[in-house]
S.K.: 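Below you will find the structure I want to go over with you.
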2 protein chains.
Amino acid sequence: MNPTGSPFSIAEIGALIGDPARANILLALIGGEALTAGELAWCARVTAQTASGHLAKLTEAGLLTVKAQGRHRYFRLASPLVAQMLENMQVVASLQLPPRHRPRTRIDEALQQGRTCYDHLAGRLGVALADALVARGHVVLAEDAGAATESGAELLRRFGIEPNPRGTRRCFCKPCLDWSERRPHLAGALGAGLLKRCLDLGWIERVRDTRAVRVTDKGWDGLGEAFGIGPDALQPKREAA
Amino acid sequence: MNPTGSPFSIAEIGALIGDPARANILLALIGGEALTAGELAWCARVTAQTASGHLAKLTEAGLLTVKAQGRHRYFRLASPLVAQMLENMQVVASLQLPPRHRPRTRIDEALQQGRTCYDHLAGRLGVALADALVARGHVVLAEDAGAATESGAELLRRFGIEPNPRGTRRCFCKPCLDWSERRPHLAGALGAGLLKRCLDLGWIERVRDTRAVRVTDKGWDGLGEAFGIGPDALQPKREAA
DNA sequence: CTGAGACTTCGGCCCTGGCCGTAGCATCGG
DNA sequence: CCGATGCTACGGCCAGGGCCGAAGTCTCAG
């Protein structure tokens, strides 16, 4: 709702898109990824303060949604309809798409492959683990929660994680948006348990002085057997065309 | 071309639509009719001088075309693409409403039942027509194109529409998202042909001074026989849970 | 030819809104 | 507990642009 309390009008939507900084922000998000406020400020070539104001307006108008994660706030388009509208406007503008600039900052390759995120795994390793558990039907993920299926409970118990913890209020499983991969990995008690067991088993080890983790040779054997994950899981993904 | 000589950007298009007076002008033209500068000034509730400036900008940007006739200048949307973009923006603008308040927006009931969208039918009537043709296997719709089947070609030819037009590059059939119904109706040459034939046959008639259309008694007979559509097609649909 | 009507151009007023510097709050790592 | 980082709130500056009155151009009617 806008200040008047009336529904948004086409003119208000147009005015929002009409500012170059905001247009750049929207275009940066048209791929569907979630980006942080800082990255979007960089994309729009304005300072963080200025971008913050723009993002508030876009979110207020319902063009963007935001999810806070730690000290980052991840913004994404609120709906595919918004993307469709933007593409439609591009058609009318007969604009050639500017070369797709990656707003990402230089991320240490080791960190991107695998790292800890508080108490659980992140990076391509964390995402691959989440993907594997979901793909094999061991875990189901919703918007902001998740659960182990029957087969998943069985697997986890064998692996050394109690799938139905009692006496704890901690959320068992929660999807956590991975900041380098922009896809969910597993947080909550499940994520913590997986990290702990992998460390205990010597499957992965911390890299000195960083949050990065490295998979050991023994670890690849174990991860392959238990979850079907191989070293290729750590290769950078191809960009879709 | 804008002053810089570069192609128009999405932000420039947005800024044009972002002014309430210009938005009113565009919306007044979305029905496909040509209106004079004076009429558009009245629609936008600004003086003739102000409207003149707006119309110059919109024309310069390629959103409108103008044709001088005597001492009048007639403006119309430059292309169905512009109409589609505007409808798309209305979809997004109406998305912002909180779910349960949405249907209560004051959309004129007549407009919601049936209206023209540039050169084709929209509203519940337009959607019902699209639904009927698809349900009976006369038309197949894809993401952004559509085609008549063999039975559809037969039906359309009998109805007075050439299903395989030659010598024209216009897209024959395209789904166009209906902003009040949130479901596709038929645009392209097929949509234009259906509207024209329905008007010519006296099945529907325009309501004075609006984009709304009304189905005549004769029209219900014809629509029922040709496409299996009855007056209940115009009843508001129940909200799905 | 003259006057009326439709539209545009010009000039000046004014205000909205984008921008950044500074400062403040929350979170994370050590 | 401390410093660094990510983000937001506030205040002031300033330009862009919307608006209208006055005046000019073109067309039509008589």
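Predicted model, so just to flag it, every value in this text is computed and none were measured. Below, chains carry the letters A, B, ... as their sequence lines are ordered, and counting in each starts from 1. Just the heavy atoms: all of them, side chains too, but no hydrogens, waters or symmetry mates, feed the values below.
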S.K.: Report the residues that fulfil salt bridge (Lys or Arg N to Asp or Glu O under 4.0 Å) with B:Arg206, sequence neighbours left out, ordered by chain and then residue number.
M.R.: none
S.K.: Kindly determine whether A:Leu40 and A:Leu29 satisfy side chain to side chain contact (heavy atoms under 4.5 Å, CB included), including the steps that lead there.
M.R.: CA-CA 9 Å; A:Leu40 291 168; A:Leu29 291 170; 3.9 Å; yes
S.K.: Report the residues that fulfil side-chain hydrogen bond (donor to acceptor under 3.5 Å, both in side chains) with A:Asp217, sequence neighbours left out, ordered by chain and then residue number.
M.R.: none
S.K.: Measure CG/A:Leu16 against C1'/C:dG17 and give the value in whole Å, please.
M.R.: 12 Å
S.K.: List the residues meeting side-chain contact (heavy atoms from CB on, under 4.5 Å) with A:Ala78, not counting sequence neighbours, and say none if there are none.
M.R.: A:Thr65
S.K.: Tell me, for nucleotides 24-30 of chain D in 5' to 3' order, what letter each nucleotide earns: B for a base near a protein heavy atom under 4.0 Å, S for only sugar-phosphate near one, - for neither?
M.R.: ---BS--
S.K.: Whole Å only: how far is the CG atom of B:Leu40 from the P atom of C:dT8?
M.R.: 10 Å
S.K.: Applying side-chain contact (heavy atoms from CB on, under 4.5 Å), name anything that partners B:His72, two or more places apart in sequence or on another chain.
M.R.: B:Thr36, B:Tyr74
S.K.: Once you round it to whole Å, what is the distance between C1' of C:dG17 and CD of A:Glu60?
M.R.: 16 Å
S.K.: Report the distance from atom CZ of A:Arg115 to atom C1' of C:dG29, rounded to the nearest whole Å.
M.R.: 15 Å
S.K.: Just to be sure I understand the rule, does B:Arg45 reach a base, reach only the sugar-phosphate, or reach nothing, if contact means heavy atoms closer than 4.0 Å?
M.R.: nothing
S.K.: Nearest-Å distance, NZ (B:Lys67) to P (C:dC7)?
M.R.: 16 Å
S.K.: Can you tell me which residue pairs pass the salt bridge (charged side-chain N to carboxylate O under 4.0 Å, His left out) test with a partner in residues 189-200 of chain A, sequence neighbours excluded?
M.R.: A:Lys196-A:Asp200
S.K.: Do any of residues 47-59 of chain A sit with a heavy atom less than 4.0 Å from DNA chain C, and if so which?
M.R.: A:Thr47, A:Gln49, A:Thr50, A:His54, A:Lys57
S.K.: In this structure, are over 12 heavy atoms from other groups packed under 6.0 Å from A:Trp220 atom CH2?
M.R.: yes
S.K.: How many Å lie between NE2 on A:His72 and C1' on C:dC25, as a whole number?
M.R.: 16 Å
S.K.: Nearest-Å distance, CG (A:Asn24) to C1' (C:dC19)?
M.R.: 15 Å
S.K.: If the helix axis at each end comes from five base pairs, how far does the helix from C:dC1-D:dG30 to C:dG30-D:dC1 deviate from straight, to 10°?
M.R.: 30°
S.K.: Calculate the interatomic distance between B:Trp42 atom CH2 and C:dC7 atom P; express it in whole Å.
M.R.: 15 Å
S.K.: For B:Ala122, enumerate each residue passing the side-chain contact (heavy atoms from CB on, under 4.5 Å) test, keeping only those at least two apart in sequence or located in another chain.
M.R.: B:Arg115, B:Cys117, B:Asp178, B:His185
S.K.: Just by distance, do the side chain of B:Arg214 and the backbone of B:Ala212 share a donor-acceptor pair under 3.5 Å?
M.R.: no
S.K.: Does B:Gln90 offer a backbone N or O that forms a donor-acceptor pair with the side chain of B:Ser94 under 3.5 Å?
M.R.: yes
S.K.: Can you list the residues that meet the ring pair (Phe, Tyr, Trp, His ring centres under 6.0 Å) rule with A:His54, with sequence neighbours excluded?
M.R.: none
S.K.: Pick from A:Leu27, A:Val82, A:Leu26, A:Leu58: which one makes a side chain to side chain contact (heavy atoms under 4.5 Å, CB included) with A:Ile17?
M.R.: A:Leu26
S.K.: Between protein and nucleotides 11-15 of chain D, what N or O pairs are separated by less than 3.5 Å?
M.R.:
none

S.K.: So, using side-chain hydrogen bond (donor to acceptor under 3.5 Å, both in side chains) as the criterion, who are the partners of A:Asp19 when residues are at least two apart?
M.R.: none
S.K.: Under a 3.5 Å distance rule, please check whether B:Arg71 uses its side chain to pair with a backbone N or O of B:Gln69 as donor and acceptor.
M.R.: no
